[in-house]
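This report refers to the structure that appears directly beneath it.
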Amino acid sequence: MTHSRRRLYGVGRYPGKMINLIRALVASSLLILTLASDEANAWTREQFIIAPNLIKQEMLRPDAHVPLVWNLAGQLAYHEGFGSSHIERRGSQWNLTPIISYDRNINNGFAQDTLVIGGLEFSVDEEFRRKSAPIVGASLYGRHVWGLTPKVAFALNHATRYVHAWNANYAKWSLRVQPCLTYFLSSTSRAFACGSVGRWATSLSRQDEAYIDIGTEFAYNLGTYFQSSRMTLRKTAASNSRDYQQISAAYRHQILMGDATLISAQIDLLEEVESTFVPRERIQVSATKLINMRKIEVGYVEDKRRGGVFLGEPRKETLRGVFISAQLAKGIEVRIGGFWNKASNAINDDEYAVLDFTFDLFAR
């Protein structure tokens, strides 16, 4: 499994006996989350915490039937940089998260110890085998927004993460910087252009990546629910075992229901890159709900990769996973999940569970 896929799904991994329990928990949670009200007229501030920004702005409609909602939506749009008469800073957000966990693959090594070629079995060199260890570290995220004109805003996002094995000389780290320019077409729609540069590294691998996004996002009312559609075109330049460029398209749809439930689905389609093993299709579906003022999310992800060869055979892999995350208290969340990677070459087959705790030291 490649480094880029590993960083997507977290750091704490535990062996396969948790998988059946995770399946049962996800099934029961999905049943609870899909029981939604038919009315969308009892909004609270907490509902806006889990709603996408453009759905929040939809509440700026003149016929918004709850004055409190109108006021809250206006504040949220303001903090996105909308309506500036001159260049002004609209605010900054910081999240500092300590990491204490256990990583089954701190060095991004092979999951299997042996491979079979032509009926003969070979051992993977010790240096390239997966190493497991307890880890400590931290991640820091920042977002800073400036309003430039009544319809133009600029945002700068940045994130860093570093973890180190407690009892061995293994580490993982990442860094990403993303500037974005937004043009508000109206109070409920916008166009955007973003750039991004980043690097991810372990003791056995390193990946550099830069991309440019252009897209649009708009919110609208359909029936009793507020909806949001987001379309993005991306051009990526990446460097790991080899350099390549790739174009992709993504569509995300979200529905905000009247009982503080947010349903989200996204599909990504990525072009083929000659002689290179790359992502080709991605799907993610999730449901988020407030229960007793705590955020609960369940979801399913699927990531298909193809291209290149391994030991003379075309390479193909499919990663599938389910996860649940829950807010235990302000600034404290836990996530558990199960993931299965099926590869055309058995040496890259894998199955693991994830257990992550996060603590936001800047939570208010």
Side-chain angles (χ1 to χ4, degrees), residues 2-11 51-54 56-57 76-82 84 87-97 99 137-149 151-163 172-185 189-201 206-218 228-240 243-252 254 264 266-268 270 278-279 282 284 301 303 358 360 362:
T2 66
H3 175 65
S4 60
R5 183 168 63 241
R6 292 189 188 282
R7 62 179 165 78
L8 181 61
Y9 299 116
V11 297
N53 290 334
L54 288 177
K56 298 169 189 174
Q57 293 182 38
L76 292 163
Y78 174 87
H79 289 298
E80 288 295 308
F82 182 60
S84 297
I87 298 177
E88 58 180 325
R89 187 173 179 177
R90 286 292 176 87
S92 293
Q93 173 190 351
W94 292 92
N95 298 97
L96 177 60
T97 305
I99 299 170
S139 65
L140 178 66
Y141 168 81
R143 176 176 171 82
H144 317 282
V145 178
W146 290 264
L148 304 181
T149 74
K151 291 189 174 184
V152 179
F154 174 78
L156 179 65
N157 305 310
H158 54 87
T160 60
R161 181 178 181 274
Y162 178 86
V163 295
K172 286 181 177 179
W173 64 269
S174 63
L175 170 66
R176 177 175 287 284
V177 178
Q178 182 189 57
C180 286
L181 194 65
T182 300
Y183 180 77
F184 293 89
L185 301 170
S189 61
R190 66 181 71 179
F192 58 87
C194 296
S196 177
V197 292
R199 172 174 289 184
W200 298 263
R206 190 184 82 181
Q207 176 168 321
D208 295 320
E209 183 181 273
Y211 63 76
I212 296 176
D213 283 349
I214 57 171
T216 185
E217 190 170 8
F218 54 94
S228 175
S229 296
R230 178 185 177 98
M231 292 163 284
T232 307
L233 291 176
R234 172 176 294 183
K235 183 170 184 179
T236 301
S239 174
N240 40 45
D243 298 341
Y244 67 89
Q245 295 187 355
Q246 187 178 36
I247 295 175
S248 62
Y251 175 74
R252 186 190 70 188
Q254 294 180 306
S264 180
Q266 178 165 327
I267 181 169
D268 295 66
L270 302 95
V278 292
R282 293 192 185 109
Q284 178 163 338
V301 295
D303 185 356
T358 61
D360 182 3
F362 292 165

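Just the heavy atoms: all of them, side chains too, but no hydrogens, waters or symmetry mates, feed the values below.
Residues T160 and W173 form no side-chain contact, since every pair of their non-hydrogen atoms from C-beta on lies 4.5 Å or further apart. You'll find the side chain of R252 stays beyond 4.5 Å of the side chain of T232, heavy atoms only. Two residues are said to be in side-chain contact when any heavy atoms from C-beta on lie closer than 4.5 Å; V145 and E80 fail this criterion. Residues K235 and Q245 are in side-chain contact: their nearest non-hydrogen atoms beyond the backbone lie under 4.5 Å apart. Side-chain contact between L181 and V152 is present, with heavy atoms from C-beta onward closer than 4.5 Å.
Taking every heavy atom of both residues into account, S84 and G147 meet most closely at OG-CA, 3.0 Å. Taking all atoms of both residues into account, the shortest heavy-atom contact from P279 to Q246 is O-NE2, 3.0 Å. The two atoms that bring E217 and S228 nearest to each other are OE2-OG, 3.6 Å, heavy atoms only. Of all non-hydrogen atoms in I99 and S139, the two that sit nearest each other are CD1-N, 4.2 Å. Closest approach of A249 and L233 over heavy atoms only: CB-CD2, 3.7 Å.
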Next on the checklist: Walk me through whether H144 and H158 qualify under side-chain contact (heavy atoms from CB on, under 4.5 Å).
Outcome noted: CA-CA 9 Å; H144 317 282; H158 54 87; 2.9 Å; yes
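Evaluation of the salt bridge (Lys or Arg N to Asp or Glu O under 4.0 Å) rule for D268 yields no partner, not counting sequence neighbours. Applying the salt bridge (Lys or Arg N to Asp or Glu O under 4.0 Å) rule to R199 yields the partners D208; only residues at least two apart in sequence or on another chain are considered. By the side-chain contact (heavy atoms from CB on, under 4.5 Å) test, L156 pairs with W146, F154, V177, P179, sequence neighbours left out.
Taken from NZ in K172 to CH2 in W200, the straight-line distance is 13.5 Å, to the nearest 0.5 Å. With rounding to the nearest 0.5 angstrom, the CG atom of N157 is 5.0 Å from the CZ atom of R143. Residue Q207 holds its CD atom at 11.5 Å from OG of S174, rounded to the nearest 0.5 Å. Rounding to the nearest 0.5 Å gives a distance of 9.5 Å between OG1 of T216 and CZ of R230. In this structure, the separation between CG on L175 and CG on L140 is 10.5 Å, given to the nearest 0.5 Å. Note that NZ of K151 and OH of Y183 are 4.5 Å apart. Values are rounded to the nearest 0.5 Å.
Classified by interplanar angle (parallel below 30°, tilted 30° to 60°, perpendicular above 60°), the ring pair F184/F82 is tilted.
Exactly one residue among I247, L270, I212, D213 makes a side-chain contact (heavy atoms from CB on, under 4.5 Å) with R234. That residue is D213.
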